[in-house]
Structures are given as structure tokens and as C-alpha cells.
Amino acid sequence: KNQVEQSPQSLIILEGKNCTLQCNYTVSPFSNLRWYKQDTGRGPVSLTIMTFSENTKSNGRYTATLDADTKQSSLHITASQLSDSASYICVVTSRGNTGKLIFGQGTTLQVKP
Amino acid sequence: EAEVAQSPRYKITEKSQAVAFWCDPISGHATLYWYRQILGQGPELLVQFQDESVVDDSQLPKDRFSAERLKGVDSTLKIQPAELGDSAMYLCASSATSGSSNEQFFGPGTRLTVL
């Protein structure tokens with residue numbers, strides 16, 4: 001069964017600190033993996049996308065890694081800001097015509113001053 | 001910058017009533033998706049359109065939910081009658097085409113509360 005599991009479920013850190021979110025998946029055949037940021041009450045916004053051959057991708061203070069062999073990904077946030085408080089969703093796309101997205105349940109991050 | 005538009009942003013209704021949500025995708029996007037997101041969970045696909053045709057509605061509760069995209073542009077999702085368990089965020093997304101390489105762009109969502 002195609003699944004995406006994220007950890008931790010929630011996380012609280014102090015402003016300025018770094019953190020790393022984890023994602024494990026069992027989706028096959030694999031096409032790509034995206035990390036989305038979802039602010040409360042808003043739709044998800046894509047942060048990074050990685051295909052099978054890519055093992056790291058950065059977007060400002062966000063750096064995503066992908067290990068296609070172990071089917072694991074991480075999202076590292078550097079020097080966190082209050083505006084980073086949101087849910088972060090790992091999404092894996094299966095290869096094929098419909099491009100179906102398999103969503104993780106998300107990690108809720110709270111950055112405190 | 002082009003965005004997916006949804007309305008209303010918030011909807012409160014009583015159970016057994018009918019509700020409808022509207023979505024206007026990014027101009028030129030052929031593929032449109034409706035998702036349901038329960039608080040604390042990831043979105044769940046309800047229905048996918050390619051132009052005006054439904055290509056996947058396997059997770060749509062067809063006894064009470066319906067969706068249409070008559071002219072292949074904007075779309076409406078309807079629930080009749082609403083039940084307490086329908087309380088959730090309803091997200092619309094669009095992509096240029098279907099296929100695994102095409103990014104889906106999400107709208108702001110409609111937050112539904114059923115009392």
C-alpha cells in the first residue's frame with residue numbers, strides 16, 4: 001500500500017533554532033517528492049521538489065534531502081522564524097498518467113519567541 | 001501571480017442542509033482536483049477532472065457528494081445532505097496537465113463546519 005509517514009507529529013522550537021522533519025514513504029513507482037508548507041487556514045504551498053536522481057534541494061532557509069534507496073526524506077529549517085510556524089506536509093507522487101499525490105499527515109511546527 | 005480561487009472561505013451549516021463550494025483554477029490549467037482535509041491530517045483526494053471529464057472519483061461519497069466542471073474551467077462541489085462528519089477544509093487544486101511531473105497549485109480552501 002502506498003503510504004507516507006511523517007515524524008514528529010508536532011514540534012515546538014525557539015526562534016533562531018534549527019529543526020529537522022522526517023518523512024518515510026512506501027510509494028511505488030516513485031516519481032517525485034515535494035515538501036509543502038501549509039499555514040493555518042490556508043492551502044499548501046510547495047517548498048521543494050525532488051526527483052529520483054536528486055538528493056538535496058534548497059529554498060532559502062529550507063533544505064530538503066532525499067534518499068531514494070531507503071525511501072526517506074528530511075526537511076531542515078535553519079535559523080527558524082516565527083513565520084515558519086505552520087504544518088509541513090511531505091507529498092510523494094507516483095509515476096504515471098494521473099500523477100496521484102500521496103500525502104503524509106503533516107508535522108505541525110510552532111516557533112516561539 | 002496567478003492563483004486558484006475558492007469561495008466561500010468559511011461556511012457554517014446545519015446537518016441535513018445542502019452546501020456548495022466553488023473553485024476557479026489557474027487560467028489554462030486543464031486538471032482540477034478537489035480534496036478534503038480533516039484537521040491534523042493530510043488532504044484526501046475526492047475527485048479529479050481533466051477538462052470537463054471526471055478521471056478519478058473513487059473516494060467521492062457519491063450518495064451525498066457531487067462535483068461538476070461543465071465548461072472545463074471552474075468547478076462546483078456539492079454536499080447534500082451535510083453530515084457532522086463532513087466538517088473539514090475543502091481544498092481545490094489545479095495543474096497544467098495531469099501527470100506526475102506537473103505541480104498542483106492549491107487554493108486557500110473552504111472551511112466547512114456542520115452543526
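Numbers restart at 1 for each chain; the letters A, B, ... are given by sequence-line order, proteins then strands.
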request  = Go through B/G109, B/P43, B/G42 and name the one with the most non-hydrogen pairs under 4.5 angstrom from chain A.
outcome  = B/P43
key: Residue B/Q6 versus chain A: region with a heavy atom under 4.5 Å   = neither
ask   = So, do A/L101 and B/Y33 sit near enough that their side-chain heavy atoms are less than 4.5 Å apart?
value = no
key: Set of salt bridge (Lys or Arg N to Asp or Glu O under 4.0 Å) partners for A/E54, sequence neighbours left out   = A/K57
query = Is the number of heavy atoms from other residues, nucleotides or ligands within 6.0 Å of CD (B/Q80) greater than 12?
reply = no
query = With the 4.5 Å side-chain cut-off for hydrophobic clustering, are A/L33 and A/L47 part of the same group?
reply = yes
ask   = If you count the non-hydrogen atoms of other residues, nucleotides and ligands that lie under 6.0 Å from NZ in A/K71, is the total more than 12?
value = yes
query = Which heavy atom in B/L91 sits nearest to a heavy atom in A/P44, and how many Å separate them?
reply = CD1-CD, 3.9 Å
ask   = Do B/V54 and B/Y90 belong together in a cluster built from hydrophobic side chains that touch within less than 4.5 Å?
value = yes
query = Is there a side-chain contact between A/N32 and B/E103, using heavy atoms and a 4.5 Å cut-off?
reply = no
query = So which part of A/S46 gets closer than 4.5 Å to some heavy atom of chain B, the side chain, the backbone, both or neither?
reply = both
inquiry  = Check for me, please, whether A/F52 and A/W35 land in the same ILVMFWY cluster - side-chain distances under 4.5 Å, paths through other members count.
reply    = yes
ask   = So with a 6.0 Å cut-off around CD1 of B/I12, is the heavy-atom count from everything else above 12?
value = no
remark   = To the nearest 0.5 Å, atom OG of A/S87 lies from atom CD of B/Q37 at 7.5 Å
B/K62 NZ: over 12 foreign heavy atoms closer than 6.0 Å = yes
message = I need the minimum non-hydrogen distance between B/M89 and A/R42, along with the two atoms involved.
response = CE-N, 4.2 Å
message = Side-chain heavy atoms nearer than 4.5 Å, only ILVMFWY residues, links allowed to pass through others: does that put B/V19 and B/Y10 together?
response = no
inquiry  = So for atom CG, which belongs to A/L82, do other residues, nucleotides or ligands contribute more than 12 heavy atoms lying within a distance under 6.0 Å?
reply    = yes
Proximal to chain B - members of residues 105-113 of chain A, heavy-atom separation under 4.5 Å = A/Q105
ask   = Which heavy atom in A/Y36 sits nearest to a heavy atom in B/Q104, and how many Å separate them?
value = OH-O, 3.3 Å
query = Shortest non-hydrogen contact from B/R9 to A/G41?
reply = NH2-O, 3.0 Å
inquiry  = Is there a path of hydrophobic side-chain contacts, each under 4.5 Å between heavy atoms of I/L/V/M/F/W/Y residues, joining A/Y62 to A/I49?
reply    = no
ask   = In terms of heavy-atom proximity below 4.5 Å to chain B, should A/Q38 be classed as side chain, backbone, both, or neither?
value = side chain
